[in-house]
Every structure is written in structure tokens, then in C-alpha cells.
2 protein chains.
Amino acid sequence: MKKYIPVLKNTKLFAGVGEEELALMLGCLQARLCTYKKGEYVFKQGERLGNITVLTEGKLHIQSDDYWGNRSIINVVNVGEMFGEAYAAPDSGDILNDVVAVEDSAVIFFDVKKILTVCSSACKFHSTVVQNLFFAISEKNRNLVRKLGLMAKRTTREKLISYLSEEAKKNNNGTFDIPFNRQQLADFLSVDRSAMSNELCKMRDEGLLVFKKNKFTLL
Amino acid sequence: MKKYIPVLKNTKLFAGVGEEELALMLGCLQARLCTYKKGEYVFKQGERLGNITVLTEGKLHIQSDDYWGNRSIINVVNVGEMFGEAYAAPDSGDILNDVVAVEDSAVIFFDVKKILTVCSSACKFHSTVVQNLFFAISEKNRNLVRKLGLMAKRTTREKLISYLSEEAKKNNNGTFDIPFNRQQLADFLSVDRSAMSNELCKMRDEGLLVFKKNKFTLL
DNA sequence: CTCTTTTCGTTGTAAAAACAACAGACTTAT
DNA sequence: ATAAGTCTGTTGTTTTTACAACGAAAAGAG
């Protein structure tokens, strides 16, 4: 687990905490490391959660499949990002989505109670972490609202334009890579893949954008 | 403002704080009361926010209108509920949605900094409020994910069934009132009103449910 | 390198939603 | 009580999406 300390140091959760303190806190917060092969589930819908988790290696999707097999990708978790923090409160109920590794991944679990309860001695950075946690969850909240704005768009084209514009803005560049293949992008936007592919090509033919595989350029 | 202390006492934000302490905290947290007539805006998209707010009277919608006039209702704020808490972090950026009074309303504003900074003396309940704030924002997070699940549904019928089922569960009763008229429900689900109305009537004719105005019964 | 599997674009058809327009029921204000 | 305005359901048309099926290109395995 030690080897991930440099990763943890750069997370939003542990912002402002030094490597030495971090090493101490790993014990204090009862950190556990688990690894997952591509395709394995970290959590499944309906489970209970008593942990806050940080992805230290790989990539995860937060998603759910409905009765008919339609998949909906809620969010992507990248290295250094946190997940499960919305279930930190004691009466949070079952988790609503699956969390699945889309690459070989490593996850560190922290005991929620240990984080929320101010500890006795060593960890003077404890209160920093609690505040970090609050800010991080606020940010996630804003991102969820942003995604809701995306999902509220009525047509596939509007969804694509909104999504790609945001990605361009995020990268400060009209050219950028998206973290999805076509099927995943369709699942993220909740549309049919072939219809989306069709619409993308129409937009390309109209001169709105160009793309090659996952690299897009807005014109 | 005093007259709203009983309301505040029952909010999730001030859970566990007595009325006397609350009276003190109002000053400590620099509470301000504002009232709004039906239809007035509390916040507009693009503004900055340095407050956490509690609705003490009336009803609000968090919504946004796109370029073509399509309205999307993100959420409803009822008496005793909080809003704006996702912008408590210092670098939260502009707010993404409008907040509008759908009834004559009263809102109490609290200074975010005063809440997050532990105060000197009187307010021994300060840390309670900070933890309440964290739990409340976690819950809102879960609700946003739930709404995303709704929006991910591909057809109007599926959206309706999901929404109405959740409302029934929330009320522990197959018969319940919804807080929307038809146009608002359509805006909440991001579908066309007439198409939705049509679908509702088809579902009624198929014997799935009955309704009269805002009162629905699932069968 | 060859074979297999996955990804992506393309097409045609069927289903669903958006849109527009309108009439009747219900509300609200005067 | 009347008139004006709003809300809701209904219908027909147009647009968009979903679905299914397939071939070519790309990626991965042996």
C-alpha cells in the first residue's frame, strides 16, 4: 500500500497532508487495498457501504443495467478520485449502481467512521481531511447537476454537442480525447449506439467537427 | 426571522440544535431573511454564491431554460430544505441553474464562511451543524444519482413508471399527490407535455393507474 | 502473419417523441 | 356572474430515435 502514498498525496481527499502524515493516517483510518481485474465488480447495486474509497490505479465506471440490458454509465472514476463518499452517512441505504473496473485497478478502502470521528492523537490533519471530503462531495454534486443538464437535452445531437463542448472546455482545447469508445459514450448519454454513430457522422459531414477513434476536434 | 426558528429546528441542517441555541446561531451565522413573490428568481444562472440557504416558507424550483425555451426542472425545494450548499466550497464557480419561487416564499441566507469556520465561543453546536451539512449534501448527492437513473430511461412511459413508483414508495402508499402540474412534470422528466399526457392516458386505459389532477393511484 | 474478436459506420424499418393546433374543463379576477 | 386566462387531454403530422442486421476496419491472440 505504501507505494500508493504519492498518488494519495495528490488526491483532493488528502490535499494539504504530507507524505509522512499520510503514512500514519493509513493505519489510523484502517486503510485496506484491493485489486480488481478488468471487468470485475468493486460494488454491486444493492450492497451496503461503510467505506470511502480512492482509486489508485486503473479506471472504474459507475453504472447500472436495467431489466432489458440497457446500460447507463453514470460516471467515470479516474486515478486519484474518490467514490462511495455519498454513502458516508449512517442511514444512506443501499447503493444504487454498480461500480466496475474497466481496466485492471487498485482501490484503497477507508473506514468511514474513522474518518468522521476525530481521532485521539497523531492525526492532526484529520480535520483537514474532513473538510476536503466536504469540498470533494460538493464538487461531485455540481458535476452530477452538470450531467443532469446533459441528460435533459432532448436530441442525440444536442447531447453530443453539449458533451463535446464541455470536454473541449475541460481540456482548454478544441482537440481532445474522450475516455469512451462509441458504445460507452452512447451508454453515458443514454442513447442508442448506432443512432449516435449516425448522428456523429452527419455532424462531421456538416463540418461541425472531425474525429478519428477517440480523438475529436470541434470546428 | 424569529418566527421561523421552529421551522429551522426541524431542518436536517440544524438537527440536534435546540431553539435557544438556534436563536444565538442566527446572529453568529449572519442569517438574513429574504422573501420572494411567486415567479421571482432567488438566483439566476451564472451568479456567484457565498451562502447556504434554507427555505422557510413556500416552494422553489431549481431549473434551467435552454436557448430554445425548453425548461428543465432539476429539483424541487420544499419548506425546511436547503439549497446552494454545493457551492459552499470557495472555488465552486458560477451556479448552473436558476432558482425560482413557484409560491410566495421566504428564504434564510447563512454565510458559508461562518458555517465552515469554527466560531469562538457561544456556538457549541457548530460542529454538529457542519456534520449535518455534510450528511445533507450526501443525501442530495444520492438523490441526484436517483434522478439521473430516471433521466437515463429511454421512453416517456419508463420515465413515468419510474417516477411514479418512487413517489408511491416515498409515500408508502399507492395513492399520492405529485408536486407538479402536467407541464412541470414534463419539464422534470424532460419530455414533451402533450406526448406525456398522451402516454399517461394510454397507461390509464391499459389499467396501470388512475389519476385525477395531481392525485395518482398505481394499480 | 493469420485467425478471431471487437469496434465502428451504414442502411432500412418500426416505434416513439416532438411539435402544432385546438376544444373543453377548470381557475381566477373583476 | 361573467370574462379572461390557464390547464389538460386529444389528434394528426413531422422528426427523431430505437432496433436489427451487416460489412469493413482495427485490435488482439496465438
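Letters A, B, ... are given to chains in the order of the sequence lines, protein chains preceding strands, and every chain is numbered from 1.
Summarising the geometry, the separation between CG on A:Leu200 and C1' on C:dC8 is reported as 11 Å, rounded to the nearest angstrom. The distance from atom CG of A:Asn198 to atom P of D:dT15 is 16 Å, rounded to the nearest whole Å. Atoms CE (B:Met196) and C1' (D:dT8) sit 10 Å apart, rounded to a whole Å. Distance A:Asn70 CG to D:dT17 P: 16 Å, rounded to the nearest Å. Spacing between atom CD of B:Gln184 and atom P of D:dT6 amounts to 14 Å, rounded to whole angstrom units. What separates CG of B:Asp192 from C1' of C:dA17 is a distance of 7 Å, to the nearest Å.
The nucleotide whose nearest atom lies closest to any side-chain atom of A:Arg193 is, among C:dA17, D:dA21, D:dG9, D:dA21. Of all nucleotides listed (C:dA17, D:dT17, C:dT10), C:dA17 comes nearest to the side chain of B:Thr156. For B:Arg182, the side-chain atoms get nearest to D:dG9 when compared with the rest of C:dG9, D:dG9, D:dT17.
For A:Glu206 and A:Arg157, the salt-bridge test passes: some basic side-chain N is under 4.0 Å from an acidic carboxylate O. Between A:Asp177 and A:Lys215 there is a salt bridge, with a side-chain nitrogen of the basic residue lying less than 4.0 Å from a carboxylate oxygen of the acidic one.
A:Phe180 comes within contact range of no nucleotide atom at all, as no heavy-atom separation falls under 4.0 Å.
For the pair A:Asn214/A:Phe180, no side-chain contact is recorded, criterion being any heavy-atom separation below 4.5 Å from C-beta on.
Interface remark: the B:Ser194 side chain does form a donor-acceptor pair with the C:dA20 base, using a distance-only criterion of under 3.5 Å.
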